[in-house]
Structures are given as structure tokens and as C-alpha cells.
Amino acid sequence: METEAYTADDPACHGYQRKTARNGAIFGPPGTIYVYLIYGIYHCLNVVTDRDGVCSAVLIRALWLDQLPPAIASCPPRQRARMAAGPGKLCRSLEIDRRLDGMPLNPDSQIWLEGRSSDFAAELVQTTRIGLTKGADIPWRWYLKGHPAVSRPANGDHHCSAVPKGRHRIFRLVA
DNA sequence: CGGGTGATCCACT
DNA sequence: GTGGATCACCCGA
């Protein structure tokens, strides 16, 4: 729904300097979960992409929640769309924390991906990442254009459609 | 805008 | 071992 990419030669990547106890998971094999604590109170969920030993990840910044706990399942759509609109809120809603760090994406970890239709017609916006000092100019944030759960749409994103309508593989995150 | 929050890392003892 | 800077955020004004 909304993601950012970080790679080994990218100064904003957590593994850019060196491997440590905190960021070790980001050097794992593709599909490894990397969760870190930010600003003392929030967690952020990443999925490792590049091969074992190379640091790289996709930060999951926002999701639409298909299912909610029964107590709040009937909240208005507007409110529902904002429950995982941002990497910290997303982890708070899904109760994701460092316990998942280093685990593989599969049902045994209680978090995994399910492929959906492979011809989902989506229009994506590609723009710059959020909240960075280093590598702030790299346009590696993508989101579903016009979706109400996007954390913060780029200014004037109605003009920008770097990724045209077409066939995209859409995944469902199950947690 | 600014405050809250705390793990982590580094440059020093 | 310790002090201070850093940090990919959220909220309320």
C-alpha cells in the first residue's frame, strides 16, 4: 500500500555503516523480518530483499486493514483507513515489535505474505522517502495513488504517475 | 511547529 | 562505564 526501499549503497539504510546487534537482521536472506524501535516508542516493520550478507529492506509504511478486532470492527471507514497509516501506527495496530526481528516471513512467525491477483490494475505514485536527512533525494517511496490509508501523499501527486496503470502483483500481509 | 520517548552507538574516560 | 547525539514517528496546537 505504501513502501520505501533501502539498499546497501544507500546512506539512509540502517546497515550502511556496519552490522550491529540492533540491525543484524537487515543483513539476512530475502524475506527476513527486520523490526527496529524508533524514537523510543514506535516500531517499524521491514522485509529484507537482497541476498544474505547484503543489507537491504523494504519499509512497510502503510496498510489497509482488512480485519479489525471485533470491538472496533464497525468504526467509520475514514478512521479505519488511518489505523495503519504510517510505519509506527502500523506496528502499533498489528502489535509488531522486536520479538519478530530476524524471523522469516512465514506462518510459523505469525506474519507472512499471501499473493493475490497478479493483474490488479493499480496506479502507483513514486516519490521521495519521508523523514530522512541522508539520501533524502532518492525517490524510493511508492504508494497506491489516492488511497485513504497513505500516510502522507506527496504534494501534487495527481500530476505524478511514474508507474503507469497496469498489472501489478499485490500481496496481503497476514499478521 | 515542538515535545515525548528510549535503545543504540561512539568517543571519551 | 558514561554522556551526548542520533533516530526511516506521532500527536496536538
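Below, chain A is the first sequence line, B the second, and so on; all start at residue 1.
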query = Between the main-chain N or O of A:Ser151 and the side-chain N or O of A:Arg82, is there a donor-acceptor pair closer than 3.5 Å?
reply = yes

note = Regarding the side chain of A:Arg98, the nearest nucleotide among B:dT8, C:dA8, C:dC9 is B:dT8

message = Are there over 12 heavy-atom neighbours, none belonging to A:Arg152, within less than 6.0 Å of that residue's CZ?
response = no

Nucleotide C:dA8, atom P - distance to OH of A:Tyr143 in whole Å = 20 Å

inquiry  = Less than 4.5 Å apart, side chain to side chain, heavy atoms only: is that true for A:Trp142 and A:Glu2?
reply    = no

task = Would you say whether A:Tyr39 stacks on B:dG4? The test is a distance between ring centres of less than 5.5 Å and an angle between planes of less than 30°.
result = no

query = Is A:Leu37 touching bases, backbone alone, or none of the nucleic acid, heavy atoms closer than 4.0 Å?
reply = sugar-phosphate

query = Which listed nucleotide (C:dC9, C:dC11, C:dA8) is nearest to the side chain of A:Ile130?
reply = C:dC9

Minimum heavy-atom distance A:Asp101-A:Ala25, with the two atoms named = OD1-CB, 3.5 Å

key: Presence of donor-acceptor pair under 3.5 Å, side chain of A:Tyr36 and base of B:dA7   = no

query = Heavy atoms under 4.0 Å, any strand shown: does A:Ser151 hit a base, just sugar-phosphate, or nothing?
reply = nothing

G-U wobble or Watson-Crick pairing nucleotide for C:dG12 (cut-off 3.5 Å, both distances) = B:dC1

ask   = Which nucleotide in the list B:dT5, C:dA8, C:dC10 gets nearest to the side chain of A:Thr133?
value = C:dA8

inquiry  = Students often get this wrong, so: under 4.0 angstrom with heavy atoms, is A:Gly40 touching a base, only sugar-phosphate, or nothing?
reply    = base

task = Could you tell me which nucleotide pairs with C:dT2 by Watson-Crick or G-U wobble geometry, both distances under 3.5 Å, or answer none if nothing does?
result = B:dA11

task = May I ask you to say what A:Arg22 touches in the nucleic acid, namely base, sugar-phosphate or nothing, with a heavy-atom cut-off under 4.0 Å?
result = sugar-phosphate

